[in-house]
Q: 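One structure, as structure tokens, below. Some questions next.
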Amino acid sequence: MRHWLIKSEPETFSISDLARAPKRTTSWDGVRNYQARNFLRAMRCGDLAIFYHSNADPPAAVGIVTVVREAFPDVSAWDPGSPGHDPKASPANPVWSMVDVQLMEVFPRPLALDELRGQKSLAGMELLRRGSRLSVTPVTATEFRTIHTLAHARPAAGVAPTSRPAKKSRGN
DNA sequence: GCCAACGTTGGC
DNA sequence: GCCAACGTTGGC
């Protein structure tokens, strides 16, 4: 079994949206990057993935999903009305793929990016690499376990608050 | 809103 | 095949 991390902007689709979805299942559509697509295609039923909120305040790992249907054509790619429309895609040449994922658990508390960065055992994670933008990435079993364990632990003492320092006022 | 990092596009 | 221009991502 392999482990993954998938990103979504909560304004677009949050883990709460997934929790409300029929069968707590959704098609993970809209991936338009070849490397990320290839990772989607490598997913197998039963694989587990960390659900991560990007462009969020704070950005955070928020839960776990499992793959319940392996890669199939992303129909939104050839829908001219879809924001992910790709003129290269058609039913005969789908180009892009999606999988179905089902919600396994919403973490008891979100694991903010700051806190992930503070973990030595996660130092090698793709997510934490500078400039990393891939929306679908593999994670090791160890990284997965670390995140799962952290999410169920009390926040470590001495962890800095996740809020940013107030901006200096201009002028004067 | 800013901007660094990265992927894609297209002229040559 | 090179690479500049452009678009997107996503933390801050």
Side-chain angles (χ1 to χ4, degrees), chain A residues 3-19 26-43 48-65 71 73-90 92-99 101 103 106-107 109-140 143-144 146-148 150-151 155-156 158-172:
Chain A
H3 299 85
W4 310 91
L5 181 142
I6 58 178
K7 296 182 188 174
S8 181
E9 302 194 10
E11 294 227 339
T12 304
F13 188 82
S14 71
I15 198 161
S16 308
D17 294 327
L18 181 54
T26 193
S27 291
W28 204 259
D29 62 358
V31 170
R32 297 291 180 270
N33 168 286
Y34 288 103
Q35 200 179 348
R37 180 203 68 181
N38 293 342
F39 286 139
L40 283 180
R41 290 181 176 178
M43 289 182 177
L48 298 174
I50 309 281
F51 193 121
Y52 177 83
H53 279 168
S54 60
N55 252 320
D57 189 20
V62 291
I64 293 171
V65 301
D74 182 346
V75 298
S76 73
W78 62 80
D79 172 6
S82 158
H85 177 237
D86 180 350
K88 292 190 300 296
S90 67
N93 178 31
V95 185
W96 302 108
S97 299
M98 57 189 179
V99 298
V101 296
L103 183 62
V106 178
F107 287 153
R109 65 187 183 99
L111 267 184
L113 183 58
D114 278 2
E115 194 171 348
L116 298 179
R117 289 197 195 283
Q119 291 296 317
K120 285 202 178 98
S121 53
L122 298 179
M125 268 189 86
E126 171 67 23
L127 176 76
L128 305 184
R129 273 194 33 228
R130 175 175 169 80
S132 172
R133 297 189 311 177
L134 267 186
S135 63
V136 181
T137 56
V139 303
T140 68
E143 290 161 351
F144 186 91
T146 298
I147 289 175
H148 182 263
L150 264 180
V159 165
T162 55
S163 61
R164 284 173 254 154
K167 278 187 180 157
K168 283 183 183 171
S169 57
R170 287 202 291 161
N172 188 18

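So you know, we letter chains A, B, ... as the sequences are listed, proteins then strands, and number each from 1.
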Q: What is the distance from atom CG of A:D17 to atom OG1 of A:T26, rounded to the nearest 0.5 Å?
A: 9.0 Å
Q: Calculate the interatomic distance between A:E11 atom CD and C:dG11 atom P; express it in whole Å.
A: 13 Å
Q: Take atom NE2 of A:H53 and atom P of C:dC12, then tell me their distance rounded to the nearest Å.
A: 17 Å
Q: Are A:K7 and C:dT9 close enough that a side-chain N or O sits under 4.0 Å from OP1 or OP2?
A: no
Q: Regarding A:S97 and A:R41, do their side chains bring together a donor and an acceptor under 3.5 Å, going by distance alone?
A: yes
Q: Taking atom types as modelled, find out whether A:D86 and A:W96 have a side-chain donor-acceptor pair closer than 3.5 angstrom.
A: yes
Q: Rounded off to whole Å, could you give me the CD-to-P distance for the A:Q35 and B:dG7 pair?
A: 7 Å
Q: Strictly distance-based, threshold 3.5 Å: is any side-chain N or O of A:S132 a donor or acceptor partner for the main-chain N or O of A:E126?
A: yes
Q: Could you give the CZ-to-C1' distance, from A:R32 to B:dT9, as a whole number of Å?
A: 18 Å
Q: Give the rounded distance in Å between these two atoms: OH of A:Y34 and P of B:dT9.
A: 7 Å
Q: In whole Å, I'd like the distance from the CG atom of A:L128 to the P atom of C:dC12.
A: 10 Å
Q: Could you state the CG-C1' distance from A:N38 to B:dG7, rounded to the nearest angstrom?
A: 14 Å
Q: May I ask you to decide if the ring planes of A:H148 and A:F107 are parallel, tilted or perpendicular, using 30° and 60° as cut-offs?
A: perpendicular
Q: Are any of A:Y52's side-chain N or O atoms less than 4.0 Å away from OP1 or OP2 of C:dT9?
A: no
Q: How does DNA chain C look in dot-bracket notation if pairs are Watson-Crick or G-U with both distances under 3.5 Å, crossing ones as [ ], other-strand ones as |?
A: ||||||||||||
Q: Taking the nucleotide of DNA chain B with the nearest heavy atom to each, does A:G131 or A:N55 sit closer to the 5' end?
A: A:N55
Q: Got a donor-acceptor contact below 3.5 angstrom from the A:N33 side chain to the A:L134 backbone?
A: no
Q: Using only heavy-atom distances, determine whether the side chains of A:R129 and A:T137 contain a donor-acceptor pair under 3.5 Å.
A: no
Q: Looking at the side chain of A:E9, which of C:dG10, B:dT9, C:dG11 is the nearest nucleotide?
A: C:dG10
Q: Between the base of C:dT8 and the side chain of A:R133, is one N or O donor paired with an acceptor at under 3.5 angstrom?
A: yes
Q: Over how many whole Å does the gap from A:R117 atom CZ to C:dC12 atom C1' extend?
A: 11 Å
